[in-house]
There are 2 protein chains.
Amino acid sequence: MLTSECICTHLRRAARGVSRHYDEALEGFGINVAQFSLLRHLRRLDQPSISTLAEAMGLDRSTLGRNLRVLEADGLVALAEGQDLRNRIVLLSEQGRARLQAAEPAWEQAQSDLIQTLGEGQRDELVRLLEMLA
Amino acid sequence: MLTSECICTHLRRAARGVSRHYDEALEGFGINVAQFSLLRHLRRLDQPSISTLAEAMGLDRSTLGRNLRVLEADGLVALAEGQDLRNRIVLLSEQGRARLQAAEPAWEQAQSDLIQTLGEGQRDELVRLLEMLA
DNA sequence: ACATAATGCGTGTATATACCCGCACCTGGG
DNA sequence: CCCAGGTGCGGGTATATACACGCATTATGT
């Protein structure tokens with residue numbers, strides 16, 4: 001019976017383990033998978049505000065703000081003022097873009113490992129199910 | 001194409017969101033879903049050492065040690081010395097057992113919400129896929 | 001028995017994450 | 001014009017998480 005198993009516990013555990021796998025692959029590039037993900041979101045979005053980016057990533061605003069500081073200190077992102085004096089705009093720096101590109105093959109390898117474990121069909125199925133929960 | 005989507009990012013995001021859902025349900029019981037999970041593991045296992053429990057939960061040993069301190073300060077778990085002077089044994093206190101029992105209906109509700117979203121078939125499928133990754 | 005290896009843990013350090021609170025700043029209604 | 005409410009953000013605090021390192025203890029090989 002799966003009834004007594006906590007779905008959340010399974011999710012958290014898998015997230016930890018898979019994150020370790022990706023982090024290992026990204027070792028030597030100076031970013032972990034959370035930062036990799038942030039940079040990818042940033043490359044895809046057009047100069048989002050902190051709140052917009054946080055919303056896009058499903059992160060709390062204050063969490064994203066703190067995560068950004070680490071990348072800012074490393075020169076990978078920059079924060080500029082928006083037209084509104086309240087909000088700030090997040091920018092992917094050239095270094096950030098370069099770092100992301102450099103790390104992408106390693107990410108691809110980690111992703112391939114996982115797909116090899118799951119098979120493409122189950123990979124698609126997993127992503128579909130995860131999207132239902134987001 | 002799903003090829004360009006990061007499985008790990010999806011996993012982490014879903015874990016965050018679902019954790020928030022469970023945490024919300026557990027509000028008022030003084031434990032979050034990570035702690036709930038720890039207490040459940042502890043109830044299931046027989047006086048594990050820190051390493052054994054960490055292994056069972058797929059957590060780093062040092063992480064579990066720190067998580068235990070929070071619960072210990074709240075009187076929900078206790079740490080005793082094992083026969084080996086190196087290792088320590090983790091015990092679920094009576095308060096811990098009671099707290100767990102008290103929180104279980106709320107957990108059940110959160111779990112039910114999720115199953116209603118997924119359906120039982122997809123719930124089983126999700127858990128099966130997550131176990132492949134652990 | 002002794003030296004070496006393995007085991008179990010704690011600490012230091014760093015990042016990730018969330019919630020609450022408060023401070024600016026904008027926006028509408030009057 | 002001004003004031004109430006909404007918006008965007010940072011800081012405080014707490015927990016979760018991992019890795020590297022070191023210390024004490026136990027096990028092992030000769």
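Order of the sequence lines fixes the chain letters, A, B, ..., with proteins taken first and strands second; residue numbering starts at 1 for each chain. Excluded from the calculations below are hydrogen atoms, water molecules and symmetry mates; all remaining heavy atoms, backbone and side chain alike, are included. Quick caveat: nothing in here was measured; it's all calculated off a predicted structure.
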Asker: If I take atom CD1 in residue Ile50(B) and atom P in nucleotide dT11(C), what distance separates them, rounded to the nearest angstrom?
Answerer: 10 Å
Asker: Are Arg69(A) and Glu72(A) ion-paired here, with the side-chain N under 4.0 Å from a carboxylate O?
Answerer: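 A salt bridge is absent here (no side-chain N lies under 4.0 Å from a carboxylate O).
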Asker: Closer than 4.0 Å, any side-chain N/O of Asn67(B) to the OP1 or OP2 of dT17(D)?
Answerer: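 So the side chain of Asn67(B) is within the cut-off, an N or O lying under 4.0 Å from OP1 or OP2 of dT17(D).
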Asker: If you pin Gly17(A) and Asp84(B) to their nearest nucleotides in DNA chain D, which one's is more 5'?
Answerer: Gly17(A)
Asker: May I have the distance from Gln35(B) (atom CD) to dA18(C) (atom P), rounded to whole angstrom?
Answerer: 16 Å
Asker: Strictly below 4.0 Å, N to O, side chains only: are Asp60(B) and Arg16(A) in salt-bridge contact?
Answerer: no
Asker: At under 4.0 Å between heavy atoms, what does Arg69(A) touch on the DNA or RNA strands: base, sugar-phosphate, or nothing?
Answerer: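 Sugar-phosphate contact only - Arg69(A) comes under 4.0 Å of backbone atoms but never of a base.
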Asker: Between Arg61(A) and Arg86(A), who's closer to the 5' end of DNA chain C by nearest nucleotide?
Answerer: Arg61(A)
Asker: Over how many whole Å does the gap from Glu81(B) atom CD to dC9(C) atom C1' extend?
Answerer: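 About 12 Å, once rounded to whole Å.
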Asker: For the side chain of Ser49(B) and the base of dC9(C), is some donor closer than 3.5 Å to an acceptor across the two?
Answerer: no
Asker: Under 3.5 Å, is there a donor-acceptor pair between the side chain of Gln109(B) and the main chain of Ala25(B)?
Answerer: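 Checked: no pair found.
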Asker: Mind checking if Leu64(A) touches a base, just sugar-phosphate, or nothing, with heavy atoms under 4.0 Å?
Answerer: nothing
Asker: Return the 5'-most residue of the pair Val70(A), Leu85(A) with respect to DNA chain C, ranking by each residue's nearest nucleotide.
Answerer: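 Whichever sits nearer the 5' end wins; that is Val70(A).
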Asker: Given atom CG of Leu59(A) and atom C1' of dC19(C), what is their separation to the nearest angstrom?
Answerer: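 It works out to 14 Å between those atoms.
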Asker: If you look at every strand shown and take non-hydrogen atoms under 4.0 Å, does Arg66(A) touch a base, only sugar-phosphate, or nothing?
Answerer: base
Asker: How many whole angstroms separate atom CZ of Phe36(B) from atom C1' of dA16(D)?
Answerer: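 Roughly 18 Å, once rounded to whole Å.
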Asker: With DNA chain D as reference, determine whether Gln83(B) or Asn32(B) sits nearer its 5' end, using the nearest nucleotide of each.
Answerer: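 On the 5' side of the pair lies Asn32(B).
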Asker: Closest approach to the side chain of Thr63(B), judged atom by atom: which nucleotide of dA18(C), dT17(D), dA16(C) is it?
Answerer: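 Closest of the options to the side chain of Thr63(B): dT17(D).
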Asker: How many Å lie between CZ on Arg16(A) and P on dT17(D), as a whole number?
Answerer: 5 Å
Asker: Using a heavy-atom cut-off of under 4.0 Å over every strand shown, decide if Asn87(A) touches base, sugar-phosphate, or nothing.
Answerer: sugar-phosphate
Asker: Can you tell me how far C1' of dA18(C) sits from CE of Met57(A), to the nearest Å?
Answerer: 15 Å
Asker: If I take atom CG in residue Leu53(A) and atom P in nucleotide dT17(C), what distance separates them, rounded to the nearest angstrom?
Answerer: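 Nearest whole value for this atom pair: 12 Å.
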Asker: Quick check: any donor-acceptor pair below 3.5 Å linking the side-chain of Ser62(A) to the base of dC9(D)?
Answerer: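 Side chain to base: no pair below 3.5 Å.
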Asker: Salt-bridged, Glu104(A) to Arg40(A), with N to O below 4.0 Å?
Answerer: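 Counted as a salt bridge, because a side-chain N and a carboxylate O are separated by less than 4.0 Å.
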Asker: Has the side chain of Thr117(B) got a donor or acceptor atom that lies under 3.5 Å from a matching backbone atom of Asp113(B)?
Answerer: yes
